[in-house]
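Working notes, structure below.
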Amino acid sequence: MNEIPSCYNPKNTEDKWYKFWEENGLFSATPNPSKEPFCIVIPPPNVTGILHMGHALNNTIQDILIRYHRMKGYETLWLPGTDHAGIATQNVVEKQIAKDGLTRQELGREKFIEKVWQWKEKYGSTIIQQLKKLGASCDWKRLRFTMDDAYSDVVNEVFIRLYEKELIYQGDYIINWCPRCQTALSDEEAPHQEIEGHLYYIKYPLASKLQITNYKSQNYIVVATTRPETMLGDTAVAVHPKDRRYKKFIGKSLILPLINREIKIIADEMVDRKFGTGAVKVTPAHDPNDYLLGKKYKLDFINIMNPDGTLNENASIYKGLDRFAARKKIIEDLKSSELLEKIVPYKISAGHCYRCHTLIEPYLSRQWFVKMKPLAKPAIEVVKRGKIKFYPKRWTKVYLNWMENIQDWCISRQIWWGHRIPVYYCRNCQQIDKLQISNSESPINLKEQAGLIISREKPEKCPLCGSTDIYQDEDVLDTWFSSWLWPFATFYWPKESEDLKYFYPTSVLVTAPEIIFFWVARMIMAGLEFMQDIPFHDVYIHGTVRDIEGRKMSKSLGNIIDPLEIIEYIGADALRFSLIMITATGQDVFLSEDKFKTGRNFCNKIWNAARLILMNLDKENINFDLCIFFKEEKLSIVNRWILSTFYSTLKKIEKAIRSYNFNEYANLLYHFFWHQFCDWYLEIIKPNIKEPQNQLVMYKVLEKFLRCLHPIMPFITEEIWQRLPHRSNSIMIESWPHIQEQIIDKKLEDDVETIFEIITAIRNLRKEFSLNKDLKLNISLYIKDNRKSQLIISFLGELLHLAGIDRFEVLKEIPSYREKIGIIVKDINIFMRLKGLIDVEKEKKRINKERDALILEIKRKIALLKNNNFIKKAPSAIVEKERETLKQLQDRMHTLKEILNGIENI
RNA sequence: GGGCGCAUAGCUCAGUCUGGUUUAGAGCGUUUGCUUGACAUGCAAAAGGUCAGAGGUUCAAAUCCUCUUGCGCCCACCA
């Protein structure tokens, strides 16, 4: 007794057992043809990552699935790894070297990358250590990193294969440019956010009226814009061809203010007559729509901006100013030359860098793209045909909608940390100046591009001219261009390894909704393209962890709850259980610190129940053969009840896990253990805890319960299980309990619960009338149902201590209620002599209240049963049930009246 | 402009897909009583809900359909 503390302390167990599992190789998986595989590839966290609540939830769910299937007998692999996270990691290391006053440019590419690798070696495994703290049972021997040599080979191979299939092209397009990170971004990396902006109305004078200083409406056209600084790059103004206001101006010229460049007025149906003034400035190098117009009407493309967001030499006197400073200055200048008509507040939705939240600049530059439509087609099919299923299924629609409107994917990034594009150039053959703005045909015809070499290995010399003056493309690939290969690149495709054959396709992908487009969709496309098979069967999308007010947790808001602090304080088990308990399938989680009490208290409850059992369990003499009791039908009612209840619960649990209802799974175990096993079962057997069958059943149920709970709470279950008599090495490799259908007895469960209600009713009465706790009661019962009557006779005796009952008798006929008080539970009448001990008026009031409710209920039932439609149309079983219910209610009414009469005489 | 989610007890949410076994559940909080040898991180009990509103379908609606209101999210090139 002294050896088990009365308060559970996770610190004594968690690290100890994790080490034990790892050292015993319990996490590792090997292809085994005699077993079914179950495999999850982890959504690789960024190497820069530190564990947040989103990770905690995501990985807890995965670990539950993994541990469950492992116990179910699958060859189970959870493959871990980290993502090199191009921009994020580069930013981190840049910040670090900035402390020494260095920039990456000063350091040079090679040195800088060396620094990043050093950083990765030092800090890159932080998140891995944190996942271990959480209890994640990953096969760490297979830890992958997207920048490993073998993985990088896969990335190159994929690039080249796509190139060979002409699914990769290079061209000059308007892309999302982050002036802070100074790189292109894909559309997904530049999410739109609404910002408070302005709509500026600017007068563009007609060329023929240039000399007139006093502008009148006939002498100019007003254009509306949200980004006035881009006017420096205007090469036209467009109006709708049918717009009466402007028809006469089409084909004429305007003078671009401040720059004094002559620009044409063109007509195109793309222009919305209702917006602004109906005339739109056209800046082909700085706006995607204007770009299209520029192509269509062969306008000039004037880039006015440097990669860092300052204006370049094309911006005349504004050169060198930052884009926002330039905007301010331009507005001032327009104002002073009376060319600004008005400014109105205007909300605009604009792209922001998903890494640094800087406002994106639409920017014309030469980039590499993947043609997505051909890849998307089969990926749409597999989801439509149900080969891949989303849980909850509403995400299917989101996925399909995106897939059906898919845009080409810009995959080149102007950063240094990442997979360098396997494209080489021969200086001798042709110079290609990146970011040089051209009006050339796009996409560029790569096959005819002299001096461009696409190769798995760095070529020694140019295959055309033999020159050795060769250099590699400066750009690296989008981080997601490596992540989208994750389910097979982690097995080092295209090598046909045993692992790849055995574990691919993986079983399920567990992730958050933000990542459906970035990753899930693309993995499906890559799997189908390169493996000719889906990458996973199920996609489980869980919710986002938010704070109690529904905001995302973020450092800047200061509303972060750190999972590691929670683990430090209450342990990983409690954290895991609490999270799972409050996470309904696919629903966002609103978190606050007090929610973790649930898990902490539950740990303690389990600990103490186990403590009670361990203190009383005769480990030496326990008979493990449950069959003996069953065969001889010697098992007591309470033991049959707890076993039946356990297996009923287990059945529901299996169903819940299969449908990804993890909160239901947690809830079922919580309720079973706390309110059925502890509150009733253990309390009932406590006085006879040493009886052999009680010894056995309490042990069995606890042990099986621990196995069921293990996927959610791996540590405490192992700790207790190890203290119980056990055969194998660890609970995590024990088998999941089988449902014993023959033990489930619903009728018995119902009856026993009715008996519990009797106890509750009596406790309630004692409380209501403040009966002295030492007062022992004598009760009499009348039960119409003979079967139930037998049950009560043989069972109630074990329960008397729970309600302070001294004796009870079961009567053959309805008793007289004279001088007694009565209570009714279902169809059981209970009465007892309490003369002089209770407040009669109070009791009368209580019974009257009960009667009023009963009258209403009976009226409703009668009305229902008088309804011919109901009798005719409802299933006969339902009608029968309603009749039965009515009869019971009427019996009850009758008894209540008797009780009321009887009470008058007390 | 499209699409989605949510609205149920004071608070946070289950239950809704598959209508009738639930007199609508849980946890937290509140109230009351317990220092009985597993556990006060506990035990026993209580109070608390016209299931957002309106209409419809049905013998029967928290549950299915339509609309309205209020919050939240995602997508989209209206300058």
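Throughout, protein chains are lettered first and strands after them, A, B, ... in sequence-line order, and every chain is numbered starting at 1.
Of all nucleotides listed (B:U12, B:C59, B:A79), B:U12 comes nearest to the side chain of A:Lys595. For A:Arg600, counting side-chain heavy atoms from C-beta on, the closest listed nucleotide (B:U41, B:C4, B:A38) is B:U41. Distances were taken from every side-chain heavy atom of A:Thr226 (C-beta onward) to each of B:A44, B:A79, B:U41; the shortest belongs to B:A79. When each of B:C13, B:U32, B:A76 is scored by its nearest atom to the side-chain atoms of A:Phe590, the top-ranked nucleotide is B:C13. The nucleotide whose nearest atom lies closest to any side-chain atom of A:His192 is, among B:G20, B:A79, B:C77, B:C77. Distances from the side chain of A:Phe517 to the nucleotides B:C39, B:C74, B:C17 place B:C74 closest. Minimum atom distance to the side chain of A:Cys7 is reached by B:U41, of the listed B:C77, B:U41, B:A38. Considering only the side chain of A:Phe870, B:C59 comes nearest among B:C59, B:C4, B:C39. Nearest nucleotide to the side chain of A:Asn401, out of B:G42, B:C75, B:A38: B:C75. The side chain of A:Asp594 has B:C28 as its nearest neighbour among B:U41, B:C28, B:A38.
Regarding contacts with the backbone of B:A44, every side-chain N or O of A:His675 stays at 4.0 angstrom or more from both OP1 and OP2. Note on A:Arg763: a side-chain N or O is less than 4.0 Å away from OP1 or OP2 of B:A45. Between A:Trp674 and B:C43, a side-chain N or O to OP1/OP2 separation shorter than 4.0 Å is present. Dashed line: the shortest gap from a side-chain N or O of A:Lys873 to OP1 or OP2 of B:C59 is under 4.0 Å. Remark: A:Asn764 is in phosphate contact with B:A46, judged by side-chain N or O atoms under 4.0 Å from OP1 or OP2. Contact annotation: A:Asn667 side-chain N/O to B:G27 OP1/OP2 distance is not under 4.0 Å. Put simply, A:Lys605 has no side-chain N or O that comes within less than 4.0 Å of OP1 or OP2 on B:U41.
Checked by atom type and distance alone, the side chain of A:Arg892 never pairs as donor or acceptor with a backbone atom of A:Val825 at under 3.5 Å. Under the 3.5 Å distance criterion, the side-chain polar atoms of A:Thr283 are left unmatched by any main-chain donor or acceptor of A:Ala285. Remark: the backbone N or O of A:Ala350 is paired with a side-chain donor or acceptor of A:His352 at under 3.5 angstrom. A donor-acceptor contact shorter than 3.5 Å links the side chain of A:Asn608 to the backbone of A:Asn604. A distance-only check finds a donor-acceptor pair linking the side chain of A:Arg766 to the backbone of A:Leu775 [under 3.5 Å]. Side chain of A:Asn176 to main chain of A:Ile360: no donor-acceptor pair is present (N/O by atom type, distance under 3.5 Å, no hydrogens or angles).
Among the heavy atoms of the strands, none lies under 4.0 Å from A:Tyr8. Among the atoms of the strands shown, only primed sugar atoms or phosphate atoms (P, OP1, OP2) are found under 4.0 Å from some heavy atom of A:Thr760. Contact annotation for A:Asn867: backbone-only contact, meaning every heavy-atom pair under 4.0 Å involves sugar-phosphate atoms and none involves a base. A:Asp679 comes within 4.0 angstrom of sugar-phosphate atoms only, judged by non-hydrogen atoms across all strands, and of no base. As judged by a 4.0 angstrom heavy-atom cut-off over every strand, A:Pro875 is placed among the base-contacting residues. Within 4.0 Å of A:Lys397, counting heavy atoms only, lie sugar-phosphate atoms of the nucleic acid but no base atom. Across all strands shown, A:Val271 has heavy atoms under 4.0 Å from base atoms, whether or not it also approaches the sugar-phosphate. Residue-level contact check: A:Phe596 touches neither bases nor backbone, having no heavy atom under 4.0 Å from any strand. A:Phe275 comes within 4.0 angstrom of a base, heavy atoms only.
Nucleotides B:U63 and B:U8, compared at atom C1', are 12 Å apart to the nearest Å. Nucleotides B:A62 and B:G49 have their C1' atoms positioned 11 Å apart, rounded to a whole Å. B:G20 and B:C64 are spaced 11 Å apart, taking the P atom of each and rounding to whole Å. The same atom, P, is picked in B:G37 and in B:A44; the two are 16 Å apart, to the nearest Å. Using atom C1' as the reference point in both B:C78 and B:G5, the two lie 27 Å apart (nearest Å). For B:C67 and B:G2, the P atoms lie 13 Å apart once the distance is rounded to whole Å. Comparing the C1' positions of B:A47 and B:C28 gives an interatomic distance of 16 Å, to the nearest angstrom. Straight-line distance between the C1' atoms of B:U21 and B:G27: roughly 24 Å, to the nearest whole Å.
Contact annotation: the side chain of A:Thr13 never approaches that of A:Ile716 to less than 4.5 Å [non-hydrogen atoms, C-beta and beyond]. Side-chain contact between A:Val589 and A:Arg546 is absent, with no heavy atoms from C-beta onward closer than 4.5 Å.
No option in A:Phe602, A:Phe673, A:Phe662, A:Tyr665 other than A:Phe602 meets the ring-ring contact (aromatic ring centres under 6.0 Å, His included) test with A:Phe577.
With hydrogens and angles left out, the side chain of A:Lys597 and the base of B:C28 share no donor-acceptor pair within 3.5 Å. One donor-acceptor pair, N or O on each side, does fall under 3.5 Å between the base of B:C77 and the side chain of A:Asn289. For A:Lys686 and B:A38, a side-chain-to-base donor-acceptor distance below 3.5 Å is present, hydrogens and geometry of angles not being considered. Side-chain atoms of A:Glu683 come within donor-acceptor range of the base of B:A38, with a qualifying N/O pair under 3.5 Å.
Rounded to an integer number of Å, the gap from CD1 of A:Ile175 to P of B:C77 is 15 Å. Distance A:Trp680 CH2 to B:C43 P: 13 Å, rounded to the nearest Å. B:U41 atom C1' lies 13 Å from atom CG of A:Asn9, rounded to whole Å. Rounding to whole angstrom units, CZ of residue A:Arg658 and P of B:C17 are separated by 20 Å. One atom, CZ of A:Phe672, and another, P of B:G25, lie 22 Å apart when rounded to the nearest Å. Taking atom CD of A:Glu664 as the reference point, atom C1' of B:G25 lies 11 Å away to the nearest angstrom. Computed from coordinates, the A:Asp588 CG to B:C74 C1' distance equals 11 Å when rounded to whole Å. In this structure, A:Asn601 places its CG atom 9 Å from P of B:C43, rounding to the nearest Å.
Summarising the base pairing, B:A46 is matched to B:U30 through a Watson-Crick or G-U wobble pair whose two defining distances lie under 3.5 Å. Pairing for B:C67 is with B:G53, a Watson-Crick or G-U wobble pair whose two hydrogen-bonding atom distances lie under 3.5 Å. With a cut-off of 3.5 Å on both Watson-Crick or G-U wobble distances, the partner of B:G72 is given as B:C4. The base-pairing partner of B:U21, taking Watson-Crick or G-U wobble contacts with both distances under 3.5 Å, does not exist among the strands shown. In this structure, B:A40 makes no Watson-Crick or G-U wobble pair, since no nucleotide meets both defining distances under 3.5 angstrom.
Relative ring orientation between A:Tyr291 and A:Phe301 is described as perpendicular, the plane-to-plane angle rising above 60° on a 0-90° scale split at 30° and 60°.
Each of A:Glu757 and A:Gly276 has a nearest nucleotide on RNA chain B; the 5'-most of these lies closest to A:Glu757.
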